[in-house]
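What follows is a single structure, written as structure tokens, with notes after it.
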Amino acid sequence: MLAGIGLALVLAVAAAPPTATVAAAARGGGVECPIGQNDCNIWDDDPGTPGGGGGNPGGGGGNDGPAGKCQWGGKVIPCYDAILGWFNNDNGCYYKLEQPQRPGTPEGKQWYQVTCEGGDLGTLHPELRDAPPPGYGTPPDPEELARRALASISLLPPRAAVAPRKSKGPGLVGLPVWMWASPGDDYFGPLTASASDRGLTVTITARVDRIVWDMDNGKQVECDGPGTPYAADGPQAGGPSPDCGYHSGYTRADTYQVSATTFWNVHWVGGDQSGDIPQTRTSGTVQIEIDELQVVTR
């Protein structure tokens, strides 16, 4: 009788195929993007730690912050602008040589148009100098171009789905949980883009290295790919996922908020150099309700 009850409960869970859902806002992932904005951490190199427990799986640690050479107000900005000229990190101003020079310019000196406050056009003023300022005339920074290319594409957060799913019915303590995310280039890559400046072109290729699921109980599950969608009438219904699942299941009854974080690597090549820019994208949450197995005896 117990075997029959257990089988019936397993089939009841299997009969509720979940569908993908996306919550209104992402959580974790290094930088929290505003709702509807996926790429706010293009200039942030720290992939962070998804969720609240278990550390940073897979060894994908961060670094000390933005690697760009030119910064203002804590943000990386272009070292060269076609309108403003070259940026001077010492005073936060762009310098552009006046063409033509003013009549009566002293020998050995040159007039520059200076735009300060990191490029605020409201601070434009002329300046007579004996020599170009620091950073003037430097060649394009390949990594800066890589970040420009990255800004031209969108790395979408994963569309997380689970089985069982609370809106379709509860699961049971100790039974396996399936997790999967919508496949596709925008969600897992590869995506390519290029950016050019003053004769230098840098090309990037972005792809997901891994996806980490936060199970909301201090546990995380790392998967290599998007996983397999659950099918109630499939040959593996009621069993563990073949490629992305929480096989041991939850140990106590509760409602859990499950989310997924994709860890992207953006590899760039250009100017006889290459490098990598880590990125993360985090889904909204999907609820799982887990109940205890109830046995009726006579």
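Quick note: residue numbers are just sequence positions, from 1.
A side-chain contact (heavy atoms from CB on, under 4.5 Å) with Val266 is found for one member of Ile204, Asp276, Leu191 and no other, namely Ile204.
When atom types are taken as modelled, the side chain of Trp178 and the backbone of Gly239 share a donor-acceptor pair closer than 3.5 angstrom. Of the possible polar contacts, none joining the Glu289 side chain to the Asp254 backbone as a donor-acceptor pair under 3.5 Å is found. Of the possible polar contacts, none joining the His267 side chain to the Ala206 backbone as a donor-acceptor pair under 3.5 Å is found. A distance-only check finds a donor-acceptor pair linking the side chain of Asp243 to the backbone of Thr228 [under 3.5 Å]. Side chain of Arg281 to main chain of Leu155: a donor-acceptor pair is present (N/O by atom type, distance under 3.5 Å, no hydrogens or angles). With hydrogens and angles ignored, the 3.5 Å screen pairs no side-chain donor or acceptor of Asp216 with any backbone N or O of Tyr256. Side-chain N or O atoms of Gln101 include one that pairs as donor or acceptor with a backbone N or O of Trp111 at under 3.5 Å. Counting only distance, with no hydrogens or angles, the side chain of Asn89 and the backbone of Gln71 share a donor-acceptor pair below 3.5 Å.
Distance CG/Asp141 to CG/Leu200: 9.0 Å, rounded to 0.5 Å. Here the CD-NZ distance, from Glu127 to Lys109, works out to 10.5 Å after rounding to the nearest 0.5 Å. Distance CG/Leu175 to NE2/His247: 13.5 Å, rounded to 0.5 Å. Taking OG1 of Thr251 as the reference point, atom NZ of Lys219 lies at 8.5 Å (rounded to 0.5 Å).
Here the shortest heavy-atom pairing between Ala160 and Val286 reads O-CG2, 3.5 Å. When every heavy atom of Trp180 is checked against every heavy atom of Gly227, the shortest pair comes out as CB-C, 3.8 Å. Between Lys96 and Ile83 the shortest heavy-atom distance is CD-O, 3.2 Å. Of all non-hydrogen atoms in Ala193 and Ile153, the two that sit nearest each other are CB-CG2, 3.7 Å. Considering all non-hydrogen atoms of both residues, Gln113 and Pro126 come closest at NE2-CB, 4.0 Å. Residues Pro140 and Pro142 come closest through the heavy atom pair O-CD, 3.4 Å.
With salt bridges taken as basic N to acidic carboxylate O contacts below 4.0 Å, one links Asp197 and Arg148.
Geometrically, Arg207 does not engage Phe188 in a cation-pi contact defined by less than 6.0 Å to the ring centre and at most 45° from the axis.
Other residues, nucleotides and ligands contribute over 12 non-hydrogen atoms within 6.0 Å of the CG atom of Asp90. At most 12 non-hydrogen atoms from other residues, nucleotides or ligands lie less than 6.0 angstrom from CG of Asp224.
Under the 4.5 Å side-chain heavy-atom criterion for Ile, Leu, Val, Met, Phe, Trp and Tyr, Ile290 and Met179 are members of the same hydrophobic cluster. Hydrophobic clustering of Ile, Leu, Val, Met, Phe, Trp and Tyr side chains at less than 4.5 Å, counting indirect connections, keeps Tyr136 apart from Leu124. Hydrophobic clustering, with ILVMFWY side chains joined whenever heavy atoms are under 4.5 angstrom apart, keeps Leu128 apart from Val114. Hydrophobic clustering of Ile, Leu, Val, Met, Phe, Trp and Tyr side chains at less than 4.5 Å, counting indirect connections, keeps Phe87 apart from Tyr112.
Side-chain contact between Pro78 and Glu144 is present, with heavy atoms from C-beta onward closer than 4.5 Å. When side chains are defined from C-beta on, Cys223 counts as touching Trp213, because their heavy atoms get closer than 4.5 Å. The shortest distance between side-chain heavy atoms of Gln287 and Gln257 falls below 4.5 Å. Side-chain contact between Leu150 and Gln279 is present, with heavy atoms from C-beta onward closer than 4.5 Å. In this structure, Pro190 and Asp185 have side chains that are in contact, with non-hydrogen atoms separated by less than 4.5 Å.
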- request: Applying side chain to side chain contact (heavy atoms under 4.5 Å, CB included), run through Thr262 and Tyr187 and close with a yes or a no.
  value: CA-CA 8 Å; Thr262 45; Tyr187 299 100; over 6 Å; no
Worked verdict on Ile211 versus Phe263 for side chain to side chain contact (heavy atoms under 4.5 Å, CB included): CA-CA 6 Å; Ile211 180 170; Phe263 285 73; over 6 Å; no
Side chain to side chain contact (heavy atoms under 4.5 Å, CB included) between Cys116 and His125, intermediate numbers included: CA-CA 9 Å; Cys116 295; His125 68 273; 3.8 Å; yes
field: Full working for side chain to side chain contact (heavy atoms under 4.5 Å, CB included) between Gln273 and Trp268
entry: CA-CA 8 Å; Gln273 299 183 46; Trp268 60 267; 3.9 Å; yes
Tyr80 vs Trp86, ring pair (Phe, Tyr, Trp, His ring centres under 6.0 Å): CA-CA, chis, key distance, verdict: CA-CA 5 Å; Tyr80 172 80; Trp86 279 266; 4.6 Å; yes
task: Give the intermediate values and the outcome of side chain to side chain donor-acceptor pair (under 3.5 Å) for residues Asn217 and Tyr246.
output: CA-CA 12 Å; Asn217 64 344; Tyr246 188 29; 3.0 Å; yes
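Looking only at atom types and distance, the side chain of Thr203 has a donor-acceptor partner in the side chain of Ser194 under 3.5 Å away. Between the side chains of Tyr250 and Asp291, no donor-acceptor pair is found at a separation under 3.5 Å. For the 3.5 Å distance criterion, the side chains of Thr285 and Ser259 fail to qualify, holding no donor opposite an acceptor.
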